[in-house]
Protein chains: 2
Amino acid sequence: MTRSSDIEAEAFGPHDHQACRAQALAAVEAACAARRLRMTPARACVLEALLEAHRAMTAYELLDRLREAGLGSQPPVAYRALDFLVRNGFVHRIERLSAFVACTHGGSEHVAVFLICRGCRGVAEAVLPQLGAGLAASAAGQGFSVERMVIEGEGLCARCREAEAA
Amino acid sequence: MTRSSDIEAEAFGPHDHQACRAQALAAVEAACAARRLRMTPARACVLEALLEAHRAMTAYELLDRLREAGLGSQPPVAYRALDFLVRNGFVHRIERLSAFVACTHGGSEHVAVFLICRGCRGVAEAVLPQLGAGLAASAAGQGFSVERMVIEGEGLCARCREAEAA
DNA sequence: GGTCATATGTTACTTTATAACAGATCGTGC
DNA sequence: GCACGATCTGTTATAAAGTAACATATGACC
């Protein structure tokens, strides 16, 4: 387990991807069991594709996977699976990309910060509890109740910056 | 001039809208003069519609205004005007809504925080310099260079929360 | 007044997302 | 076991958001 109080860009560096995938999958399975959620074939297919890719994928890219797996070929199939996964905190929607990425922080509710590389489309997720809380409190002081927070930084990861310079 | 180190939800409360509009317009005009930018009829129409509405509007809503004004009826007309206004910091894109809102902080580059009311679609903008800088620095520590930062809180303003409770 | 950069007009198209409704399946209580 | 309500799936159709490409026009500057 890495520190989560600072931004980690592991997604952009070498890491034990097999392990991070297995761990995320186990966390989701445990959450489904605990909360009586149904991890159906279509939902599992979408989640696995995202864990495998470790980058943001669009609904239509995911629909291709579903089609290949014989699990449906129309947009609502993908959007419904994504809706379930996002609602339950297993996947995050990246607004900036109109795309989706698997959550690497275990599925409970949390405010996440995303670093999005415009080169490789990789996405690093960090959880900065004090940040979300501070913003929500500041907004509440004005009578505004924040229900959802989107924090996304777009730029270049170290590798892509080198590649672009070359 | 209000404090900009904390979130202001003026957009959701009573304020001198006429003055805030005029002030924003003057700032944009000054910036155009200083930077040799061309404020053409289509661009002005879009900006004025946004200043007038004081809420997020989609590209197609703005295109309707352009059409009414006889300034074009095809999507690229609206998108080009918006591209100019966003590039120059006069308008912000609200990712969460795929929509646009006039900037209330004078057009220079800045990291803005938006509070988006899902009831009335009103948008309050705040500038929290230390926040953007902190995030960028944290990311830079990981070799990631942030070029653009998106911070959006979605929820309910005081008025809409009351209306919903009723 | 030529010319280069910028802005406009238009056609056609891609990508992203949802509404609506019929049918299948699951879990629960009897 | 089976009726039931809730949830999930399959499908058609369409809405909404955004862009590529190319021709034409306008402005700024020498």
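Chain A is the first sequence line, chain B the second, and so forth, proteins listed ahead of strands; every chain is numbered from 1.
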Novice: If you check the A:Ala59 side chain, which of C:dA17, C:dT10, C:dT8 turns out closest?
Specialist: C:dA17
Novice: Taking only the side-chain heavy atoms of A:Thr40 (C-beta and beyond), determine which of C:dT18, C:dT10, D:dC8 contains the nearest atom.
Specialist: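 The answer is D:dC8, which lies nearest to the side chain.
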Novice: Please state how far atom CZ in B:Arg38 lies from atom C1' in D:dA25, giving the value in whole angstrom units.
Specialist: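 Nearest whole value for this atom pair: 10 Å.
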Novice: Hey, does the side chain of A:Glu154 reach the backbone of A:Arg96 with a donor-acceptor pair shorter than 3.5 angstrom?
Specialist: no
Novice: Looking at the base of D:dA16, is there any donor atom on it, or on the side chain of B:Tyr60, that sits under 3.5 Å from an acceptor on the other one?
Specialist: no
Novice: So what does A:Arg36 touch, heavy atoms closer than 4.0 Å: a base, only the sugar-phosphate, or nothing?
Specialist: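 A:Arg36: no heavy atom of the nucleic acid under 4.0 Å.
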Novice: Are OP1 or OP2 of D:dG18 and a side-chain N or O of B:Arg93 less than 4.0 angstrom apart?
Specialist: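 Yes, because at least one side-chain N or O of B:Arg93 sits under 4.0 Å from OP1 or OP2 of D:dG18.
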Novice: Taking atom CZ of A:Arg43 and atom CG of A:Leu85, what is their separation to the nearest 0.5 Å?
Specialist: 7.5 Å
Novice: What is the distance, rounded to the nearest whole Å, between atom OH of B:Tyr79 and atom C1' of C:dA12?
Specialist: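 About 16 Å, once rounded to whole Å.
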Novice: Find the distance between CG (B:Leu82) and CG (B:Leu47) and round it off to the nearest 0.5 Å.
Specialist: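 If I round to the nearest 0.5 Å, the distance is 10.0 Å.
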Novice: Base, sugar-phosphate or nothing for A:Ser73? Non-hydrogen atoms, less than 4.0 Å.
Specialist: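 No contact.
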Novice: How long is the gap from CZ on B:Phe90 to CG on B:Leu50, to the nearest 0.5 Å?
Specialist: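 It is 13.5 Å, given to the nearest 0.5 Å.
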Novice: Whole-Å distance between D:dT7 P and A:Met39 CE?
Specialist: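 Checked: the CE to P distance equals 17 Å.
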Novice: D:dG18 P sits how many Å from B:Glu95 CD, rounded?
Specialist: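 The answer, rounded to whole Å, is 9 Å.
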Novice: Between A:Arg87 and B:Pro76, name the one whose nearest nucleotide on DNA chain D is closer to the 5' end.
Specialist: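 It is A:Arg87 whose nearest nucleotide is closer to the 5' end.
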Novice: Using a 4.0 Å heavy-atom cut-off, does B:Leu71 contact any base of the nucleic acid, only the sugar-phosphate backbone, or nothing at all?
Specialist: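 Sugar-phosphate, backbone atoms only, no base.
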Novice: Test for a donor-acceptor pair under 3.5 Å between the base of D:dG18 and the side chain of B:Arg80, counting only N and O atoms.
Specialist: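 No, the side chain and the base share no sub-3.5 Å donor-acceptor pair.
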Novice: Of the listed nucleotides (D:dT9, C:dT16, C:dA7), which one gets closest to any side-chain atom of A:Arg43?
Specialist: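 Given the options D:dT9, C:dT16, C:dA7, the side chain of A:Arg43 is closest to D:dT9.
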Novice: Regarding B:Leu97, tell me which of base, sugar-phosphate or nothing describes its non-hydrogen contacts under 4.0 Å with the strands shown.
Specialist: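 Answer is nothing: B:Leu97 stays at 4.0 Å or more from every strand.
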Novice: Calculate the interatomic distance between B:Leu82 atom CG and D:dT19 atom P; express it in whole Å.
Specialist: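 Spelled out: CG on B:Leu82 to P on D:dT19 is 11 Å.
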Novice: Rounded to the nearest 0.5 Å, how far apart are CD of B:Glu125 and NE2 of B:His92?
Specialist: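 That separation rounds to 3.5 Å.
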Novice: When the distance from CG of B:Asp83 to P of C:dT6 is rounded to whole Å, what number comes out?
Specialist: 13 Å
